[in-house]
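Notes to accompany the following structure.
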Amino acid sequence: MTRLQSVFHLAAPAPFHFEGTAYSHGWVVLAPNAWDASRATMTRVERLGGGKIALLEITGAGTPRKPAIRIGATHRGRLSGEDGLEIQRRVSRMFRVDERLEDFYAECRARGGGWVKVTAGYGRLLRSPTVFEDVVKIICTTNTQWGGTKRMVSGLVEAYGEPYPGDGMRKAFPAPEAIAAAGLDEFAARVRMGYRAPYVHELAVRVTRGELDMEGFRNKGAPTAELRKQALGIKGIGNYAAATLLMLLGRYDCLAVDSVCREFAKKKYFAGRAPDDAEIHAIYEDWGEWRYLAYWFDLWQDFNGEL
DNA sequence: TTCCAGGGGTAGA
DNA sequence: TCTACCCATGGA
């Protein structure tokens, strides 16, 4: 069967910095995502609800005043109207095109200095098309180095992801059903994620059985504290992971304090003395609902010198 | 060999 | 709510 191509354009909110969004944190290089720096293009295999597998090529488009995201989809067989809408919904979620950052930008402008650069369309930290994928990836970031996270996620995709037809090297992120169908022993032996294996497997089983509604975490009406409590109910999710998940859900009032954060705060704000967590939280307290983004771009500016 | 990483679960206080 | 202890894995 011949490969067909479809192209979609998503309108993005101005200001919108495509590369700054795609490469906003490590997610862009975690399988099945891949980043081609020479073309400023993100590619990813997506398994659609109707069963079709598409290879997506996602790039920035439009103009500064009317920014957009171009999605090139390669697939076998025609896409239905619903398939096309699903692709756009998924990319829209990944790049947070519905999120409003005006108040955050206003706060950055008020602070001045390097913060003004953030208002050029940064601040939308890349996420996954599904909450399930984000939670699995967050669990794979805990108590390991970044190289370990990449290895675990690649192994998971390789072992249980559906291959893109004609190029078995590229696969979609595994459906929870695929993980749940494997026994825990087999799963743990194939993916090698150590003590995290039972957590990820149990999560997949609970989602498959309908005991856990991951997409329900997007509930915009729920208070952050309630979502945090629900997140902490998932095995493998503690304070750091819950704050990271809340960030991916668009709630920035919790700070994800990890070893990177501790080391950064120690050097920049405490003259080499190790602060306790309460002291770290206090640094960004006055950013209110934007605390996480404030920390993230404080770290980013310090690390890169500039955006 | 030993340490530890973008921590978390559990038991016990 | 806090602390101590244990948890697999792989890189340094």
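All values below come from the heavy atoms of this structure, side chains included, with hydrogens, waters and symmetry mates left out. If you're wondering where the values come from, they're calculated on a predicted model, not measured in any experiment. Each chain gets a letter, A, B and so on, in the order its sequence line appears, and its residues count up from 1.
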Touch class at under 4.0 angstrom, heavy-atom based, for A:Thr144 against every strand present: base
SB check A:Arg218 A:Glu215 (cutoff 4.0 Å): yes
A:Gln5: side-chain contact (heavy atoms from CB on, under 4.5 Å) partners, not counting sequence neighbours: A:Thr74
Between A:Phe297 and A:Trp115, ring centroids under 6.0 Å: no
Pair A:Asp98 + A:Arg93, salt bridge at N-O below 4.0 Å: no
Enclosure of A:Tyr23 OH (heavy-atom neighbours >12, cutoff 6.0 Å): no
Interface with DNA chain B, restricted to residues 252-263 of chain A and to heavy atoms under 4.0 Å: A:Asp258, A:Ser259, A:Val260
Sidechain N-carboxylate O distance under 4.0 Å for A:Arg44, A:Glu46: yes
Outermost nucleotides of DNA chain B that come under 4.0 Å of a non-hydrogen atom of chain A: B:dA5 to B:dT10
Rounded interatomic separation in angstrom, taking CG from A:Asn143 and P from C:dA8: 12 Å
Close residues, residues 183-200 of chain A, relative to DNA chain B [heavy-atom separation under 4.0 Å]: A:Tyr195, A:Tyr199
More than 12 heavy atoms of other groups within 6.0 Å of A:Arg78 CZ: no
Gap in Å between the two P atoms, one belonging to B:dG8 and one to C:dG11, rounded: 23 Å
Nucleic acid contacts of residues 222-242 of chain A, taken as heavy-atom distances under 4.0 Å to DNA chain B: A:Ile234, A:Lys235, A:Gly236, A:Ile237, A:Gly238, A:Asn239, A:Tyr240, A:Ala241
Worked check of ring pair (Phe, Tyr, Trp, His ring centres under 6.0 Å) between A:Phe95 and A:Phe18: CA-CA 8 Å; A:Phe95 286 80; A:Phe18 177 77; 5.3 Å; yes
Listed once per pair and sorted, the side chain to side chain donor-acceptor pair (under 3.5 Å) pairs that draw on residues 13-22 of chain A, sequence neighbours left out: A:His17-A:Tyr122
Whole-Å distance separating the CG atom of A:Asp276 from the P atom of C:dT1: 16 Å
Pair A:Asp276 + A:Arg262: basic N to acidic O under 4.0 Å: no
Aromatic ring proximity, centroids under 6.0 angstrom, A:Phe104 and A:Tyr252: no
Distance between C1' atoms of B:dG6 and C:dC5 (Å, rounded): 22 Å
Ring-ring centroid check A:Phe173 A:Tyr160, cutoff 6.0 Å: no
A:Asp286 bridged to A:Arg111 by N-O distance under 4.0 Å: yes
